[in-house]
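Working notes, beginning with the structure itself.
Just the heavy atoms: all of them, side chains too, but no hydrogens, waters or symmetry mates, feed the values below.
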Amino acid sequence: MMMGGPGGAGGGAGMMQPSIILLKEGTDTSQGKAQLISNMNACAAVADIVRSTLGPRGMDKLIHKDGKVIISNDGATIMKNLEIVHPAALTLVDIARSQDSEAGDGTTSVVVLANEFMKEAKPFVEEGVHPQVIIKSYRQASRLAIEKLKEWAIDISGKNEAEKRELLIRCAATSLNSKLISHQKGFFAPIIVDAVLSLDEDLSLDMIGIKKVPGGTLEDSMLIKGVAFKKTFSYAGFEQQPKKFADPKICLLNVELELKSEKENAEIRLDDPAQYQSIVDAEWSIIYEKLDKITATGAKVILSRLAIGDLATQYFADRGIFCAGRVADDDMRRVAKACGAAVQTSIHNLTPDVVGSCKSFEERQVGDERFNIFEGCPKNMTTTILLRGGAEQFIAETERSIHDAVMIVRRALKTAKIVPGGGAIEMELSKYLRQHARQIYGKSQLIINSFAKALEIIPRQLSDNAGFDSTDILNRLRQKHATGGEAGRWFGVDVDNEGVCDCYEAFVWEPLIVKLSAIGAACEAACLVLSVDETITNPQAEQQGGGPGGQMRGP
């Protein structure tokens, strides 16, 4: 839309250009260097929240949201529950989620690294270096770092089963080091590794069930090599059913087994009272036909996604059959995959090939709950971890910690390459990039040098969070990496003895994918924020769903 200026009809050099209305009233535009620095500061504010959670001595955050309390030091969980609205800071939320889904761990590291890359770029922006120059150098440095990471990674494939299990336990323990359950890592690491190793080749995550049972201590948690789920709602007659079977057949249904009234208002006109009885008899004969067909399969355990009513429950109890209705969808899928059964939506085609089996079934008491447990499943191997503990928030954080460790072990199995943690790999990459920067000329030398300096934030933050003198620790690490050669390459922060140690010898290991993903995602996030030179917001439009036309005047 254009509005004519006061210029005369004659036109000429002195005529004013027309005003141009572009945006709605209340629209705020910020651009230039100040806007870029403002976005960096917003990201820094977010990173400051999570930076204290990094490492074995990291602190926890308590988040009160929607009447619930969450206690966690998992970067992705914290970022997800903060409900950040700043558009630039949301980039950090996205990379934390990306890291969580890609690697399962390193979510705090990726946020801290991205913020440090921006912090190191800020002086160049203030001095007038074009953001695209910084972005180009950062991407070059990231590419070099990732190439070196792949070159230095230690291959753990080709080991025998016992050695491989021991290596995976080390990786799981490293992941659990920074969690709330770090003191129980010796107990949980073997459970996690055994759970992952029992899966088939595709290592499907949904074949590991984690069930929370309040009460008891963490050491009361157990690994069940099979499927376990909480006892469902039951009708009268349930207690008469057997609760234990050896080698039972298992039938899975998506069928309702109870007498129900009409859902719609139905009207039936009868001439003879005897006809009414025939309708009632037809309803009973339909459900008994269903029950007879199910029993004819020889199945001793009947599970259904829908309700199994009191009539069916008593019918099965009289014939020594166990049944459970309203079974959760994910539990049904796991039982189906593990036992080789297929969920049936009709009882008219119950052939032997859709009926599954397992070595043993038992309903067992765990704490205050009763669990249906299937063990010795023949088809796909599956496991269930039953978590015990006191407070609900504590069990929830334990579940998140175990999920991260499971992801780490899966990645280590798939990629079969590890790198030492504890800030060792970041220090070695920093040394390499500093040496590389000296061989090039121009602004790139300074920018790649800053990228190398930013990588040191990981060992520095690990030291700060443990209460050490980070300057002293970093000086010792730089000396070790500069003079130690091959032997000094894997030196990182020793949080147990307030010093430095060979993290490879100390078994502080992480899958290669965690570091590759963290450095790549952090660099891309920093480059994304650097590439934004203007932010346009219209608070009025957001609140009211649009408003009267305003104006942003052109030249």
Side-chain angles (χ1 to χ4, degrees), residues 54-58 99 103-106 108-110 112-113 144-159 163-164 166-179 182 185 189 193 404-405 407-409 411-413 415-433 452 455-463 465-466 468 470 473-474 476-520 522:
L54 185 70
R57 299 289 184 269
Q99 179 77 5
D105 203 7
T108 304
S109 300
V110 74
V112 170
L113 266 177
L144 288 167
I146 286 170
E147 285 171 3
K148 274 294 169 187
L149 262 178
K150 291 176 179 175
E151 183 184 319
W152 292 336
I154 300 158
D155 196 336
I156 60 170
S157 61
K159 309 276 186 184
E163 285 179 326
K164 185 184 286 186
E166 193 60 34
L167 293 171
L168 292 172
I169 287 174
R170 301 291 185 188
C171 288
T174 302
S175 174
L176 294 172
N177 255 337
S178 61
K179 307 297 183 186
S182 57
K185 65 182 180 184
V193 171
D404 285 0
M407 291 289 286
I408 286 296
V409 174
R411 290 298 176 191
L413 263 178
T415 58
K417 288 190 175 181
I418 58 154
V419 290
I425 199 72
E426 285 85 2
M427 288 301 297
E428 188 66 15
L429 285 172
S430 179
K431 183 193 86 168
Y432 164 72
L433 289 173
L455 288 170
E456 292 183 350
I457 187 62
I458 299 297
R460 183 184 293 279
Q461 198 62 50
L462 287 172
S463 304
N465 290 351
F468 304 159
S470 57
I473 297 287
L474 252 70
R476 289 160 72 179
L477 281 175
R478 288 191 193 108
Q479 183 266 332
K480 281 285 185 186
H481 282 262
T483 61
E486 289 285 330
R489 176 177 290 173
W490 305 133
F491 270 80
V493 181
D494 183 356
V495 292
D496 293 324
N497 303 308
E498 193 170 348
V500 299
C501 68
D502 187 324
C503 289
Y504 182 73
E505 294 296 328
F507 302 110
V508 182
W509 298 345
E510 296 186 69
L512 172 64
I513 186 72
V514 174
K515 293 300 180 189
L516 289 177
S517 177
I519 291 174

Interatomic distance, CD1@Ile458 vs CG@Leu54, rounded to 0.5 Å, equals 5.5 Å
Derivation and outcome, side chain to side chain contact (heavy atoms under 4.5 Å, CB included), residues Leu144 and Glu147: CA-CA 5 Å; Leu144 288 167; Glu147 285 171 3; 4.3 Å; yes
Run the side chain to side chain contact (heavy atoms under 4.5 Å, CB included) check on Lys150 and Leu516 step by step: do they pass? CA-CA 8 Å; Lys150 291 176 179 175; Leu516 289 177; 4.1 Å; yes
Side-chain contact test, heavy atoms from C-beta onward, threshold under 4.5 Å: evaluate it for Pro56 versus Leu462 and give yes or no. yes
List the atom of Val409, the atom of Ala172, and the distance in Å for their closest heavy-atom pair. CG2-CB, 3.8 Å
Find the distance between OG (Ser430) and CG (Leu477) and round it off to the nearest 0.5 Å. 10.5 Å
Given Glu510, which partner from the list Arg411, Arg170, Lys417, Lys515 fulfils the salt bridge (Lys or Arg N to Asp or Glu O under 4.0 Å) test? Lys515
Could you tell me which non-hydrogen atom of Ile418 sits nearest to which non-hydrogen atom of Cys171, and how far apart they are? CG2-SG, 3.8 Å
Apply side chain to side chain contact (heavy atoms under 4.5 Å, CB included) to the pair Asp105 and Lys179, showing each step before the final yes or no. CA-CA 11 Å; Asp105 203 7; Lys179 307 297 183 186; 3.8 Å; yes
Quick one: side chains of residues 498-507, donor-acceptor pairs under 3.5 Å with protein atoms, not counting sequence neighbours, listed by atom name and distance.
{"unit_1": "Asp502", "atom_1": "OD1", "unit_2": "Tyr504", "atom_2": "N", "d": "2.9"}
{"unit_1": "Asp502", "atom_1": "OD1", "unit_2": "Glu505", "atom_2": "N", "d": "3.2"}

CG of Leu429 to CG of Leu149: how many Å apart, nearest 0.5 Å? 4.5 Å
Within the 4.5 Å heavy-atom criterion, are Ile425 and Trp152 side-chain neighbours or not? yes
Roughly how far apart are Asp494 CG and Ser463 OG, rounded to 0.5 Å? 10.5 Å
How far apart are the C-alpha atoms of Glu426 and Glu456, what are their side-chain angles, what is the distance that settles it, and do they pass the side chain to side chain contact (heavy atoms under 4.5 Å, CB included) test? CA-CA 6 Å; Glu426 285 85 2; Glu456 292 183 350; over 6 Å; no
Would you call Asp496 and Arg57 a salt bridge, using N to O less than 4.0 angstrom? yes
Here the pair of heavy atoms bringing Ser517 nearest to Gln99 is OG-OE1, 2.7 Å
Between atom CD1 of Ile169 and atom OG1 of Thr174, what is the distance when rounded to the nearest 0.5 Å? 12.0 Å
Mind listing the closest non-hydrogen atom pair of Leu474 and Pro459 along with its distance? CD1-C, 4.0 Å
To the nearest 0.5 Å, atom CG of Leu168 lies from atom CG of Leu413 at 4.5 Å
All heavy atoms of Val110 vs all of Ala518, minimum pair found to be CG2-O, 3.4 Å
Would you indicate whether Lys164, at its atom NZ, is surrounded by more than 12 heavy atoms from other residues, nucleotides or ligands within a distance under 6.0 Å? no
Looking at every non-hydrogen atom in both residues, tell me the closest pair between Ala189 and Leu176 and how far apart they are. N-CD1, 4.0 Å
Lys148/Glu428 salt bridge by N-O under 4.0 Å criterion: no
